[in-house]
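These notes concern the structure reproduced below.
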Amino acid sequence: MSRRGEKNSSSSASPSSSNIVLFKAENAKLYAIPPRENVRGYISGNWRLDDCIFTGLLRITEDPLPESEGGGYQASIRLEDVDDAGSIILFALCPVPYGARQAAVEPACDSSRNFVLRIEDTESKKHAFVGLSFDDRSTAFDFNLCLTEQQKSEERRRLAAISRKELPSTSATPGKDLSLKEGETIKLALKKPTISSTSMSSSKMNPVSLDRGPQSRPVEEKSNVVVASDASQWQKF
C-alpha cells in the first residue's frame, strides 16, 4: 500500500519533521546478497531465503537539503521496524541523490520484483549493498515509478530555479510621473493634410452611361424606289 504526500509525524523515524512520505509498503524484505557476478547485474535467483535479514515497513521520503549542499530535495528509502512500544525504529537508510538514482537503486536483471539498494550509515558514511524484494509486481512497479517521478520533479524544480536567476532583476524605483498637474495644458501642432494634383486627377472618373445596352442611333432607311433617269424607263415599271 502506498501513500503520496503524507507528512511524517515520528521524530525517531526521520531526521527532519518536514519530510514528506511519497510511498509506503509493508512486508518489504531485505537480503544479504553475494557480490555482483557479471556485467549484466545482480541475479535475484541466487538469493537464499535463509539470508533474509529484515521484513517490515518501507517508506520513500522526500527531505529538504540544506543550502550548503545546494538546496532542493532528496529522496530516501527507509526500512523501518516497530518495537514493542509502538515506536518506529530505522533499520536501514538508502539515500537517492538527484542524478544518482541508478547508483542507489538497481533493478535485478532477472525479476521485476527485486532490486539492489545501496544502504549507507549516516554517521560513518560506510555503505553496503542489500537485496530488496516485494511480494507482488504491482507494489514493485509503484516503488520504481515513485523514484522516477521524484527525480523528474526535482529536475523541474532545479530548472525553474536556474530560470529565475537568469531573469533580469526589476528595479523597485517607481517610474517618472508624466501625468498633467492641475491647471497645466498642452498644445498639439497638427499638420493639415494636403492632397496632390495626381491623386485628385486619379479620383476624377469619366461619366459612364447608365444604359449598358447598345446605344440607340437613328437608322437611315434605304429606299427601294429607283429614280428613273429618263421618262422612258418609267414605262417598265
Side-chain angles (χ1 to χ4, degrees), residues 2-4 6-37 39 41-44 46-48 51-83 87-109 111 113-134 139-140 142-155 157-158:
S2 62
R3 300 178 186 174
R4 297 187 61 85
E6 176 187 351
K7 287 286 185 178
N8 190 5
S9 59
S10 175
S11 58
S12 62
S14 66
S16 173
S17 59
S18 60
N19 61 350
I20 299 174
V21 177
L22 303 179
F23 175 85
K24 183 166 71 173
E26 298 177 354
N27 297 324
K29 297 179 176 61
L30 290 185
Y31 291 87
I33 60 176
R36 183 197 298 266
E37 297 180 356
V39 295
Y42 291 93
I43 302 175
S44 60
N46 296 335
W47 303 350
R48 299 182 304 176
D51 293 333
C52 181
I53 58 176
F54 172 83
T55 300
L57 179 65
L58 179 146
R59 295 196 296 176
I60 299 178
T61 62
E62 189 177 51
D63 312 316
L65 295 174
E67 293 297 332
S68 58
E69 299 181 13
Y73 292 84
Q74 175 179 285
S76 298
I77 303 172
R78 309 175 64 85
L79 285 306
E80 300 167 336
D81 200 359
V82 181
D83 60 8
S87 301
I88 298 177
I89 302 174
L90 179 64
F91 178 83
L93 177 66
C94 173
V96 187
Y98 170 71
R101 181 259 176 95
Q102 295 298 327
V105 182
E106 181 179 348
C109 62
S111 175
R113 296 185 297 108
N114 303 325
F115 303 85
V116 175
L117 305 182
R118 184 185 184 274
I119 60 175
E120 184 179 291
D121 185 84
T122 55
E123 296 180 358
S124 64
K125 300 301 180 181
K126 292 182 179 181
H127 68 272
F129 294 94
V130 295
L132 170 65
S133 180
F134 295 100
T139 305
D142 293 341
F143 167 80
N144 192 38
L145 180 62
C146 179
L147 292 175
T148 301
E149 292 299 323
Q150 193 279 332
Q151 293 280 303
K152 291 181 179 179
S153 177
E154 181 61 18
E155 181 180 10
R157 278 194 290 259
R158 292 176 180 245

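Bear in mind the structure is a predicted one, so any value in this text is a computation, not a measurement.
Scanning all heavy atoms of the two residues, the minimum distance from Glu26 to Leu57 falls at CG-CD1, 4.1 Å. Residues Arg36 and Gly41 share a closest heavy-atom pair of NH1-CA, 3.2 Å. Closest approach of Leu22 and Glu62 over heavy atoms only: CD1-CB, 3.9 Å. When every heavy atom of Arg118 is checked against every heavy atom of Pro95, the shortest pair comes out as O-CD, 4.3 Å. Ile33 and Gly131 get closest at one heavy-atom pair: CG2-N, 3.6 Å. Minimum interatomic distance between Trp47 and Phe115 (heavy atoms only, all atoms of both residues): CH2-O, 3.3 Å.
Between Phe143 and Phe134, the two ring planes are tilted [angle within 30° to 60°].
Note that OH of Tyr31 and CZ of Arg48 are 12.0 Å apart. Values are rounded to the nearest 0.5 Å. Within the model, atoms CD of Glu80 and OG1 of Thr61 stand 8.0 Å from one another, a figure rounded to the nearest 0.5 Å. Here the CG atom belonging to Asn144 is positioned 10.5 Å from the CD atom belonging to Glu149, to the nearest 0.5 angstrom. Atoms CD and CD, on Gln74 and Gln151 in that order, are 9.0 Å from each other to the nearest 0.5 Å. Atom CG of Leu117 and atom CG of Leu30 lie 6.5 Å apart (nearest 0.5 Å).
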For this session: Could you please spell out the steps behind the side chain to side chain contact (heavy atoms under 4.5 Å, CB included) verdict for Ile77 and Leu147?
Result: CA-CA 9 Å; Ile77 303 172; Leu147 292 175; 4.2 Å; yes

Problem set entry | Verdict with supporting geometry, Lys29 and Thr55, side chain to side chain contact (heavy atoms under 4.5 Å, CB included) | CA-CA 5 Å; Lys29 297 179 176 61; Thr55 300; 3.8 Å; yes

Exercise. Are Phe23 and Leu58 close enough, and set up right, to give a side chain to side chain contact (heavy atoms under 4.5 Å, CB included), and what steps lead you there?
Worked result: CA-CA 8 Å; Phe23 175 85; Leu58 179 146; 3.8 Å; yes

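Arg113 and Thr139 share no side-chain donor-acceptor pair at under 3.5 Å.
Salt bridge Glu155/Lys152: absent, no basic N to carboxylate O contact under 4.0 Å.
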